[in-house]
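This report concerns only the one structure given below.
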Amino acid sequence: MTPPPTDTIVAIATGPGAGGIGVVRLSGPAAVRIANAVCDRRLRARHAHHVRFRDEAGVVIDDGIALWFAAPASYTGEDVVELQAHGSPPVLRQLVARCRALGARDARPGEFSERACLNGRLDLAQAEAVADLIAASDARAARAARRSLEGEFSARVDALAATLLAIRIHVEAAIDFADEPLDTLGGEALRQRLDEGRAQLQALLAAAERGRRLRDGLHAVIVGPPNAGKSSLLNAMAGSERAIVTELAGTTRDLLHETLRIDGVELTLVDTAGLREGGDAIEREGMRRARAELARADLAVVVVDAREPAAGLRALAGDLEAVPQQIRVHNKSDLLPAGSLPATDGLAVSARTGAGLDALHVRLRNAAAGLDAGEGAFSARARHVEALRRTAVACHDAAGALQAEQLDLAAEALRLAHDALGEITGRTLPDDLLGHIFASFCIGK
Ligand SMILES: Nc1nc2c(ncn2[C@@H]2O[C@H](COP(=O)(O)OP(=O)(O)OP(=O)(O)O)[C@@H](O)[C@H]2O)c(=O)[nH]1
Ligand SMILES: [K+]
Ligand SMILES: [Mg+2]
C-alpha cells in the first residue's frame, strides 16, 4: 500500500444544505496549525473550545465549537480538527476557503475514510461500511452496516484467511518431502481442515449474500407474458404513471426501475418486456434484458392474465427456475365473470380497479423485511460476494489438487484463495482499485 499522506485535507463533513449545525473537518499534520489560525487561539487536544472563526482580515465568519482529536486517536489516525459552525452553506464555504488559504487542500470523496484505512484505523470492509451506514435506507440496513463497521464481517474473513494460510504452510512444507506419500505427512488431517475451511466459507458466503441484499434492498422483478398488465401493475404500485401502457402486446422494451417504500422498508420494483416467442429485434433485446434482470432478482412478481393463467405460466416456466422467491399475480381480475372461483395459486388483483393491491403490498413488504438475516446480520457489497466466490473456486481447486497429491497446484490454489479473501479487507488489493472504491464515497467522509 502507498505510504500515509503528508498533506492536510479539508471538507464540509455535514450534508449539503442548511442546518442547525455544520461541521468543517481538517485532517493531516497541519490541521492544528490551520485551526489555531482560524480560531485565533491555541487549541488543546480533546477540549471543546467556544471560539470565533475569523477570515484573514480578522473579520468574524461565525462562532462555534472547535475540537482537536490528536493523532493517532482520531477517525483518520492523523490530527483531526472539527470546526462546528452554524449550518449555513456560505459560512461553511468561507471556513473551507480560509483553511485552504492556510495550506489545506480540498479532500477527495472518501478521503477521510481512505486515510483511516491507510493508517490502520479501519480495514477496507469497515470503511465501506461507513459509507453504507451513511447511505442506509432504513434501520435494518443501518444496523447491518454498524455490525460491519464494528468488524464483524472482517473478523470472519480474517479467521478464514488464517485457516487457509495455515493449510498452505502445511502444504508448502510437504512439497519439500515430495518423495513421501502425502498421508504420511498428515494428508488426511490436511484434507479435513480444508473441508472445514470450505464449510466455513460457504456459511460466510451465504451471510454475505444476505448482507448484500440488506444493503441494496429487495430487488423484485415483474415478469410475465405480453399484455398481462405488468406496466399497469408497476404504475398502480408506484401510484404514478411511470410506465407506458397500451393495448399493444410488446409495449415495454426497456427495464424500468421504481423504488417503493412500504412501511419504512425500501425495495426496487422493475418492469420488463413481456416474454414470448418471436418479436422484432427491439422486442427481442427487451426480452434479453428482462431475462438478465430476472437472473439477479431476489423475487419475481409473475403476472399473468387472470382469464388464462395456465397458458401464461407455461410460457414462463424455464425463466423462473433460478429465482429464489416468487409471487404469482392473476391480474385483470375485474374481467373474470362474476361468481368465478378465486385463484388458489396466486393473488387475484386488478391494476385497473386496485382490487387485491393491498395484499400484494403486504407480500412484497414481508419479502423485503424477510431479507433481515436476523441477529448478527452484517452488510456486504457485491464486491465482497464476488471475492468470496473466487475464494470458493480456488478452495475447490485446492481440494482437488490435494486429492490428486499435486501439492504445487494445491499451494498455488490456496495462495489465490488467500489473496481473494485479502481483497475484501484491503490487505491484498492493488492501489488503483482502492482509489476506485473510495471515489464512490461522498466528500467529507
Ligand atoms: N381490465 C383490465 N385491463 C387491464 C388491467 N391491467 C392492464 N390492463 C390493460 O391491459 C393492456 C396491457 O397493459 P400493460 O400494462 O401495457 O401490459 P404489459 O404486461 O406491460 O404489456 P407489455 O409491456 O406489452 O408486455 C392495457 O390495455 C391495459 O389497460 C386490469 O387489471 N384490468
Ligand atoms: K401492452
Ligand atoms: Mg409493459
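First listed ligand is number 1; within each ligand, the first listed atom is number 1.
The backbone N or O of D419 sits less than 3.5 Å from a side-chain atom of T428, completing a donor-acceptor pair. A donor-acceptor contact shorter than 3.5 Å is absent between the side chain of H418 and the backbone of L414. Between the side chain of R284 and the backbone N or O of G279, at least one donor-acceptor pair lies under 3.5 Å.
Residue T272 does not count as close to the Mg ion (ligand 3), with no N, O or S atom under 2.8 Å. L248 lies close to the K ion (ligand 2), since one of its N, O or S atoms is found at a distance under 3.4 Å. Residue T252 does not count as close to the K ion (ligand 2), with no N, O or S atom under 3.4 Å. Among the atoms of T246, an N, O or S atom is found under 3.4 Å from the K ion (ligand 2). Note on T252: counted as a metal contact of the Mg ion (ligand 3), an N/O/S atom lying under 2.8 Å.
Under 4.0 Å is where a charged nitrogen must lie from a carboxylate oxygen, and between R383 and E423 no such pair does. With salt bridges taken as basic N to acidic carboxylate O contacts below 4.0 Å, one links E285 and R289. A salt bridge links R415 with E412: at least one charged nitrogen is closer than 4.0 Å to a carboxylate oxygen. Between E386 and R389 there is no salt bridge, since no side-chain nitrogen of the basic residue lies less than 4.0 Å from a carboxylate oxygen of the acidic one.
In this structure, the protein non-hydrogen atom closest to atom 13 (O) of ligand 1 is S232 OG, 3.6 Å. Protein heavy atom closest to atom 28 (C) of ligand 1, with residue, atom name and distance, is V245 CG1, 3.7 Å. The closest protein non-hydrogen atom to atom 11 (C) of ligand 1 is T246 O, 3.7 Å. Scanning the protein heavy atoms around atom 21 (O) of ligand 1, the nearest turns out to be N227 N, 3.0 Å. Ranking the protein heavy atoms by distance from atom 23 (O) of ligand 1 puts T252 OG1, 2.8 Å first. Looking at atom 19 (O) of ligand 1, its nearest protein heavy atom turns out to be K230 NZ, 2.6 Å. Annotation: atom 31 (O) of ligand 1 to nearest protein heavy atom, A351 N, 3.0 Å. At the top of the distance list for atom 8 (N) of ligand 1, counting protein heavy atoms only, stands K332 CE, 3.7 Å.
Under the side-chain hydrogen bond (donor to acceptor under 3.5 Å, both in side chains) test applied with S27, the options R115, E111, E82, E78 reduce to a single match, E78. Between H384 and the choices E209, R212, E128, the side-chain hydrogen bond (donor to acceptor under 3.5 Å, both in side chains) rule is met once, by E128. Screening R108, R100, R105 for a salt bridge (charged side-chain N to carboxylate O under 4.0 Å, His left out) with D7, the sole residue that qualifies is R105.
No side-chain N or O of T353 forms a donor-acceptor pair with one of D334 less than 3.5 Å apart.
The distance from ligand 1 to the heavy atoms of E247 drops below 4.0 Å at these ligand atoms: 27 (O). Applying the 4.0 Å criterion to heavy atoms of L248 picks out, from ligand 1, the atoms 24 (O). Atoms of ligand 1 lying under 4.0 Å from any heavy atom of P226, numbered from 1 in the order shown and given with element: 25 (O).
For the pair T272 and ligand 1, the shortest N or O to N or O distance does not fall below 3.5 Å. Considering both main-chain and side-chain atoms, D271 never comes within under 3.5 Å of ligand 1 through any nitrogen or oxygen pair. Some N or O of A228 is nearer than 3.5 Å to an N or O of ligand 1, by distance alone. Of the N or O atoms in S333, none lie within a sub-3.5 Å distance of an N or O in ligand 1. The shortest N/O to N/O separation between L335 and ligand 1 does not fall below 3.5 Å.
In the displayed structure, L335 atom CG is contacted under 6.0 Å by more than 12 heavy atoms of other residues, nucleotides or ligands.
Looking at A290, G250, G274 and measuring to atom 24 (O) of ligand 1, the nearest heavy atom belongs to G250. When the options V303, D334, T353 are ranked by their closest heavy atom to atom 2 (C) of ligand 1, first place goes to D334.
The OG1 atom of T251 and the OD1 atom of N227 meet at the K ion (ligand 2) at an angle of about 140°, given to 10°.
Under a cutoff of 6.0 Å and an axis angle of 45°, R98 and F53 do not form a cation-pi pair.
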- Task: List the steps and the verdict of side-chain hydrogen bond (donor to acceptor under 3.5 Å, both in side chains) for T251 and T246.
- Result: CA-CA 7 Å; T251 301; T246 78; 2.7 Å; yes
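Taking the six-membered ring for Trp and thresholds of 30 and 60 degrees, F378 and F153 have nearly parallel ring planes, at less than 30 degrees apart.
Not a single heavy atom of N235 lies less than 4.0 angstrom from ligand 1. Note on ligand 1: A249 sits in its first shell, one or more heavy atoms being nearer than 4.0 Å.
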